[in-house]
Amino acid sequence: MLQLQAIRDSKNNIINALKKRNIDATTIVENVLELDEKRRATQTKLDNTLAESNKLSKEIGMLFKTGKAQEATILKEKTVALKEESKTLTEDLNTAAEELQQLLYQIPNIPHESVPPGSTDEDNEEVFKEGSIPKLNKNALPHWELAKKYDIIDFELGVKITGAGFPIYKGKGARLQRALISYFLDKNTEAGYTEMQVPHLVNEASGFGTGQLPDKEGQMYHIGADNLYLIPTAEVPVTNLFRNEIIKESDFPICYTAYTPCFRREAGSYGAHVRGLNRLHQFDKVEIVRVEHPSKSFDALDSMVEHVKNILRELKLPYRILRLCGGDLGFTAALTFDFEVFSTAQDRWLEISSVSNFETYQANRLKLRYKDENGKNQLAHTLNGSALALPRVLAGILENYQTEDGIEIPEVLVPYCGFSKID
RNA sequence: GGAGAAAUGGCAGAGUGGUCGAAUGCGGCAGUCUUGAAAACUGUUGAGGGUCACACCUCCGGGGGUUCGAAUCCCUCUUUCUCCGCCA
């Protein structure tokens, strides 16, 4: 959520910046400012009414105390009108505040100045590329075929138990999953991230805190009986740890990592690109989350990008980094770098990580603040990234490491797996 | 799931209708003393709205009500604790 003060101060800059998202925000911003005026005017009126009423109440109290009950009764009558008035004003105020809030929820974050223009993923800017693409033999298979051939993932069995998009990992497949999780967590911990275990269900307030609600309502699994949501990413519970917190400046930087399963309804995605592990309703991910001082958040973003690079280097997977264009940028992000691994067998890039700076957008909703050197409360910056999402890393490994007689395990994972080949 | 008790500032904890945004202690911050630190002493120390700045308004778990006036009374929800039951 954008800060009202920022909209008041630099309305035109905001409207201009949002054009990068291919949005004309003129009307909504003007409506916001109008409602804000109205809200403040109503607030002032209400405050004055209440002030008068408080004053009278005090006088009545004094009169009763000094035994002047009759005079008190006269004053009491005067308060009746004030009460009526304040009731109406309170209702007006609540309506205006609620409408204002609804409008603010609809405005996405301001893209960072480095965000390139564009409307689709075609327009994302490749900023880095590394690793060699292996030469596979003619019989190279996509991962869903490999999974079947070596009996390590059973998609049909998952359909029986739950439905499409809920695979069953078996034997060495399951072990490889566990190895990846441990390996990622270890790498993140080494880099200074504190490991956390968090709930996989969150309440409504948490959904609003990080911006999944109301924007992506339909993408989360919702448990009606308890009004809870299955998390689409660990970002939600981990970032919400700081909801309504005022932290000390000396607490920066805050670096957390967490492994969780992620649940996404993925309503409306079908077709060839969702085969196998490419798009699932439940998948595993190790996430990194940071809370930073505003002056340090872009350095932090860079260091997160470097960190993910290092992991991919160690796994020896060919990858590239994209700076997302305005049209592809998530609703709440100011700047996002996507990592994609090249899948030789599918001959396409697979997104495996997304690292973003949200600046104050989430912090404003979360009321996540820190005390600056003058003792004033300021909004912090939040960031997060995947380090990493499992299924497509797994797909990348299976497809890029396949040989005639089995799938090699990347060297760094062998100690975690306890085997060096799937055959 | 059943019965009872409770929820107040960073923490602990007073406050049962007006003088309460709220005693006191601890913690935090600033200062005095000290070569420095500790101790001691002095001052200061919640959040939001509003204002150029004040004034002023709101907030004592959430929501609603009674009253001229609510931290204090009533209703309701949530959470926590104790006991019982069940159980990984």
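Protein chains get the first letters and strands the later ones, always in sequence-line order, with residue 1 at the start of each. Hydrogens, waters and symmetry mates are skipped; everything else that's a heavy atom, side chains included, is used. Please read these numbers as outputs of a predicted model, since none were measured by experiment.
Between R39(A) and rG49(B) there is no side-chain polar atom (N or O) within less than 4.0 angstrom of OP1 or OP2. Side-chain nitrogen and oxygen atoms of K83(A) include at least one within less than 4.0 Å of the OP1 or OP2 phosphate oxygen of rG69(B). Put simply, N54(A) has no side-chain N or O that comes within less than 4.0 Å of OP1 or OP2 on rC56(B). For rG17(B), the OP1/OP2 oxygens have no side-chain nitrogen or oxygen of K58(A) closer than 4.0 Å. The phosphate of rA47(B) (OP1 or OP2) has no side-chain N or O of R369(A) nearer than 4.0 angstrom.
Using a cut-off of 4.0 Å between Lys/Arg side-chain N and Asp/Glu carboxylate O, E85(A) and K45(A) are scored as not salt-bridged. The residues K367(A) and E245(A) are annotated as not salt-bridged, no charged nitrogen and carboxylate oxygen being separated by less than 4.0 angstrom. Under 4.0 Å is where a charged nitrogen must lie from a carboxylate oxygen, and between R39(A) and D36(A) at least one such pair does. At a threshold of 4.0 Å, the pair D154(A)-K148(A) does not count as salt-bridged, since none of the basic side-chain nitrogens sits closer than that to a carboxylate oxygen.
Checked by atom type, the side-chain pair Q43(A)/D47(A) shows a donor-acceptor distance below 3.5 Å.
Comparing the C1' positions of rC60(B) and rC52(B) gives a spacing of 33 Å, expressed to the nearest Å. Comparing the P positions of rU35(B) and rC29(B) gives an interatomic distance of 23 Å, to the nearest angstrom. Going from the P atom of rG46(B) to that of rA55(B) covers 15 Å, rounded to whole Å. Only the P atoms considered, rC84(B) is 31 Å distant from rC73(B), to the nearest whole Å.
Using a 4.0 Å heavy-atom distance criterion, T79(A) is classed as a sugar-phosphate-only contact. Contact annotation for K367(A): no contact, since no heavy-atom pair falls under 4.0 Å across all strands. Nucleic acid contact class of N377(A) (heavy atoms, under 4.0 Å, all strands): sugar-phosphate only.
Base-pair partner of rU34(B): not found among the strands shown (Watson-Crick or G-U wobble, both distances under 3.5 Å). With a cut-off of 3.5 Å on both Watson-Crick or G-U wobble distances, the partner of rA70(B) is given as none. When both distances must be under 3.5 Å, the Watson-Crick or G-U wobble mate of rU51(B) does not exist.
The CG-P distance, from L50(A) to rG49(B), rounds to 18 Å in whole Å.
Side-chain atoms of S57(A) lie closest to rG18(B) of the nucleotides rG18(B), rA47(B), rG49(B).
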